[in-house]
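These notes concern the structure reproduced below.
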Amino acid sequence: MPIRLHDSLTRSLRELKPAQPDGVFRFYNCGPTVYAAAHIGNFRTFIINDVLRRLLELEFGLGKVKHVRNLTDVDDRTIGQAKAEQRPLAEITKKWTAHFHADCTALNCLPPHAEPTATGYIKEQVSMIEVLIEQGNAYRAADGSVYFKVSSFADYGKLSRVKERELQATDTVADSDHKDSVSGFALWKAHKPAEDGDVKWPGPRGAAEGRPGWHIECSAMSKAILGDTIDLHTGGVDLLFPHHENEIAQSQCCNGTTFANHWYHSEHLLVDGTTMSKSKGNYYTLGDLTAKGYSAMAVRYALLMGHPRKQLNFTLDSLHAAESALERLRKIAQQFMAKCACTETEFSTYKHPSGIDDWSIFGLSYDALRDDLNTPMALGWLFEWANKFDFSDQDKPYRYEFEIAALSRLMFAFGFDLFVQTEKAQTPAAITALADKRWAAKQAKDFAGADALRKELAAAGWSMLDGKDGYTLEPRKR
RNA sequence: GGUGCGGUAGCCAAGUGGUAAGGCCGAGCUCUGCAAAAGCUCUAUUCGGCGGUUCGAUUCCGCCCCGCACCUCCA
């Protein structure tokens with residue numbers, strides 16, 4: 001069964017396969033703008049793309065997938081943030097890039113094979129713009145900015161189906177604030193000292209110094225790293241128009257060939273049934289959630305609970321459900337591991353994409369993933385089969401290794417690291433003292449005293465879990 | 001107004017022209033000094049509303065109601 005994925009261009013499910021003879025699947029995913037902490041909505045998209053990349057590696061093999069995700073480090077927002085903080089642009093973008101990487105690591109997202117920055121590819125962007133000017137697809141405005149002439153590209157609107165929109169406006173861009181207009185969008189923005197400070201580069205021939213427009217960076221970096229035609233280009237739905245529409249226009253006019261063979265867009269995350277916004281108090285970053293005591297892995301799980309092409313309603317309750325479900329998954333894995341004395345490390349080593357085709361009882365789950373990345377269905381099958389698996393079957397021991405290898409690979413596809421070593425909060429000495437006291441009381445069969453101490457611990461925010469030979473303490477959740 | 005996506009149990013969420021996956025929560029039982037953990041069991045005569053097509057619709061069609069998103073620099 002091949003991997004099939006929805007294609008926004010044809011609005012149908014299409015098989016994913018590398019077009020180039022070298023068999024390498026080329027895949028570009030629009031990345032974040034590094035001017036603040038990314039929110040969990042952003043991460044939904046990146047996690048979905050991470051699952052896709054893992055799936056492709058499982059399918060085509062390691063080294064047969066080239067995943068590129070850019071960092072937008074120069075645009076209105078990054079410049080605005082630098083200005084607001086009165087710091088150099090590079091300092092701001094460096095800081096938030098590091099923050100983004102830390103979040104990605106915590107969420108167990110594999111680093112892309114290349115992570116280009118817009119400022120690292122100014123030359124490439126400038127040359128593309130020059131080609132577009134020479135060919136008559138772009139023109140210089142009076143202030144030295146350069147705009148793409150939408151009317152010069154017949155296929156404009158094909159992706160977003162907005163062709164019939166009122167595109168009949170003039171070819172002259174008269175807007176004074178340098179925003180895109182109906183007939184064109186900015187490829188190059190002339191330097192404006194008051195807004196841009198010292199952020200500027202030499203422009204395309206005949207244009208002023210300034211900085212690139214937003215859309216051109218992806219076209220240039222995709223071309224530079226992956227070539228003129230790529231296998232897949234992805235992003236959130238909001239990028240469908242104008243960003244991706246404009247990328248197609250620029251790239252195809254410049255390169256004279258198809259830009260991307262396949263387009264995929266994941267839907268947005270809703271929080272409490274509505275758009276996330278700071279004023280509604282439902283705006284979460286990963287840090288906000290981990291500060292509440294949730295694990296990053298649970299956040300990842302929660303973001304995969306819904307179909308990627310459907311809006312997903314994220315709530316603190318659903319995150320709690322994710323935390324429990326993940327714990328359940330861990331128990332399931334341990335049941336299999338116990339049967340064949342597999343260690344956590346060994347479980348992890350099974351993760352290597354191996355081309356093994358035996359998916360054992362997890363085949364349906366894996367198939368669901370391959371069928372348009374249906375993560376909720378895959379999770380459903382996973383639990384369904386794990387639940388009905390008979391662990392008491394004595395004739396089965398030799399089979400457990402297949403089960404466990406399959407489960408391990410499935411966990412790799414989802415990107416669930418079941419055995420991450422999480423930093424346990426340090427238990428205050430006073431709490432330990434109380435717990436010791438209670439344990440002693442319990443051993444002495446002073447149950448009334450033990451209960452009183454349990455209550456005291458609870459009041460202090462700790463749960464005491466009694467074991468056979470001792471106790472463990474953990475912070476009370478919620 | 002244009003374009004697109006949805007409305008399925010207390011919550012989250014799959015799915016199919018043939019009679020509703022899964023997770024969470026909750027309940028009961030076993031276990032347990034208590035608590036936790038673990039195990040077992042149970043939890044939608046019904047899929048926003050009204051019509052239509054059909055032997056049969058939650059699934060197809062029409063209309064209506066409601067929600068969300070995009071419509072020039074938001075993943």
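First the proteins, then the strands, lettered A, B, ... as listed; each starts at 1.
- The P atoms of B:U8 and B:C47 are separated by 11 Å, rounded to the nearest whole Å.
- Between the CG atom of A:N313 and the P atom of B:C66 there is a distance of 20 Å, given to the nearest Å.
- Among the nucleotides B:G33, B:C24, B:G6, the one closest to any side-chain atom of A:K310 is B:G6.
- Within 4.0 Å (heavy atoms only), A:G236 reaches sugar-phosphate atoms of the nucleic acid but no base atom.
- Note: CH2 (A:W385) to P (B:G23) measures 15 Å, nearest angstrom.
- Residue A:S324 places at least one side-chain N or O under 4.0 Å from the OP1 or OP2 atom of B:C25.
- For B:A75, the base has no donor-acceptor partner in the side chain of A:R44 [N/O atoms by modelled type, under 3.5 angstrom].
- Summarising the geometry, the separation between CZ on A:R330 and C1' on B:C24 is reported as 16 Å, rounded to the nearest angstrom.
- Closest to the A:F241 side chain, of the nucleotides B:A14, B:A75, B:U72, is B:U72.
- Remark: C1' of B:C71 and CG of A:L239 are 14 Å apart, rounded to the nearest angstrom.
- Side-chain polar atoms of A:D75 and A:Y35 form no donor-acceptor pair below 3.5 angstrom.
- Side-chain proximity of A:L269 to B:C12, B:A75, B:G15: nearest is B:A75.
- A cation-pi arrangement is not found for A:R328 relative to A:F383, the charged atom failing to lie both closer than 6.0 Å to the ring centre and inside a 45° cone about the ring normal.
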Problem - Step-by-step side-chain hydrogen bond (donor to acceptor under 3.5 Å, both in side chains) determination, A:H67 to A:H113 - result: CA-CA 5 Å; A:H67 172 205; A:H113 301 103; 5.2 Å; no
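- Here the P atom of nucleotide B:C11 and the CG atom of A:L316 are 16 Å apart, to the nearest Å.
- For the OP1/OP2 pair of B:C5 and a distance below 4.0 Å, the side-chain nitrogens and oxygens of A:R309 include no atom meeting the criterion.
- Pairing for B:G22 goes to B:C12, judged as Watson-Crick or G-U wobble with the two contacts each under 3.5 Å.
- In this structure, A:K442 reaches the bases: a heavy-atom distance under 4.0 Å links it to at least one base atom across the strands shown.
- Across all strands shown, A:G41 has heavy atoms under 4.0 Å from base atoms, whether or not it also approaches the sugar-phosphate.
- For A:H262 and A:H233, the ring centers are positioned 6.0 Å apart or more.
- In this structure, the nucleotide among B:G23, B:A21, B:G33 sitting nearest to the side chain of A:E384 is B:A21.
- Taking the ring centroids of A:F389 and A:F336, they lie under the 6.0 Å cut-off.
- For an aromatic pair to be called close, the ring centres must be under 6.0 Å apart, and A:F185 with A:H215 satisfies this.
- With both ends at atom C1', the span from B:C55 to B:G17 equals 11 Å, rounded to whole Å.
- Base contact: A:H39 has a heavy atom under 4.0 Å from a base atom.
- Backbone-only engagement by A:G273 is indicated by non-hydrogen atom pairs under 4.0 Å involving sugar-phosphate atoms exclusively.
- Residue-nucleotide stacking is present for A:F447 and B:G33, judged by a side-chain ring centre under 5.5 Å from the six-membered base ring centre and planes under 30° apart.
- Listed nucleotides: B:A37, B:C34, B:G4. Nearest to the side chain of A:R11: B:G4.
- Taking every side-chain heavy atom of A:T274 into account, B:C68 is the closest of B:C68, B:G23, B:A75.
- Comparing A:L312 and A:K331 along RNA chain B, the residue whose closest nucleotide (by nearest heavy atom) sits nearer the 5' end is A:L312.
- Using a 4.0 Å heavy-atom cutoff across all strands shown, A:D451 reaches at least one base atom of the nucleic acid.
- Between B:A20 and B:U58, the distance separating the two P atoms is 11 Å to the nearest Å.
- Only the C1' atoms considered, B:C24 is 26 Å distant from B:C34, to the nearest whole Å.
- Two rings, from A:H265 and A:H244, have their centers less than 6.0 Å apart.
- In this structure, A:R69 satisfies the cation-pi test against A:F46, with its NZ or CZ atom closer than 6.0 Å to the six-membered ring centre and inside 45 degrees of the ring normal.
- B:U46 sits 26 Å from B:U41 when the P atoms are compared, rounded to a whole Å.
- In this structure, A:N374 reaches the sugar-phosphate backbone alone: every heavy-atom distance under 4.0 Å involves primed, P, OP1 or OP2 atoms, never a base.
- Side-chain atoms of A:R438 and base atoms of B:G33 include a donor and an acceptor less than 3.5 Å apart.
- Base pairing annotation: B:A38 forms a Watson-Crick or G-U wobble pair with B:U30, both donor-acceptor distances under 3.5 Å.
- Remark: the separation of the C1' atoms in B:U45 and B:G52 is 24 Å, to the nearest Å.
- You'll find that the side chain of A:Q311 is closest to B:G4, out of B:G4, B:A13, B:C70.
- Rounded to whole Å, the distance from OH on A:Y301 to P on B:G23 is 9 Å.
- On a pure distance criterion of 3.5 Å, no polar donor-acceptor pair joins the side chain of A:N387 and the base of B:G22.
- Side-chain atoms of A:D317 and base atoms of B:C25 include no donor and acceptor less than 3.5 Å apart.
- Here the side chain of A:A325 is nearest to one of B:G15, B:G23, B:A38, namely B:G23.
- Between B:U72, B:C24, B:A14, one nucleotide has an atom nearer to the side chain of A:H320 than all others, and that is B:C24.
- Ring-base stacking between A:H268 and B:A75 is satisfied, the centre separation being under 5.5 Å and the plane angle under 30°.
- Atom P of B:C31 sits at a distance of 23 Å from the matching atom of B:C25, rounded to the whole Å.
- Summarising the base pairing, B:G62 is matched to B:C50 through a Watson-Crick or G-U wobble pair whose two defining distances lie under 3.5 Å.
- Pair assignment for B:C5 gives B:G67, based on Watson-Crick or G-U wobble hydrogen-bonding distances that are each under 3.5 Å.
- Across all strands shown, B:U45 forms no Watson-Crick or G-U wobble pair with both key distances under 3.5 Å.
- For A:Y264 and A:H6, the distance between ring centers is not under 6.0 angstrom.
- Distance CG (A:D50) to P (B:A75): 18 Å, rounded to an integer number of Å.
- Rounded to a whole angstrom, the distance from the C1' atom of B:G22 to that of B:A57 is 24 Å.
- Candidate nucleotides B:G33, B:A75, B:C68 were compared by shortest atom distance to the side chain of A:L270, and B:C68 ranks first.
- Rounded to a whole Å, the CD atom of A:Q335 is 16 Å from the P atom of B:A37.
- In this structure, B:G17 makes no Watson-Crick or G-U wobble pair, since no nucleotide meets both defining distances under 3.5 angstrom.
- With ring centers used as reference points, A:Y301 lies 6.0 Å or more from A:Y294.
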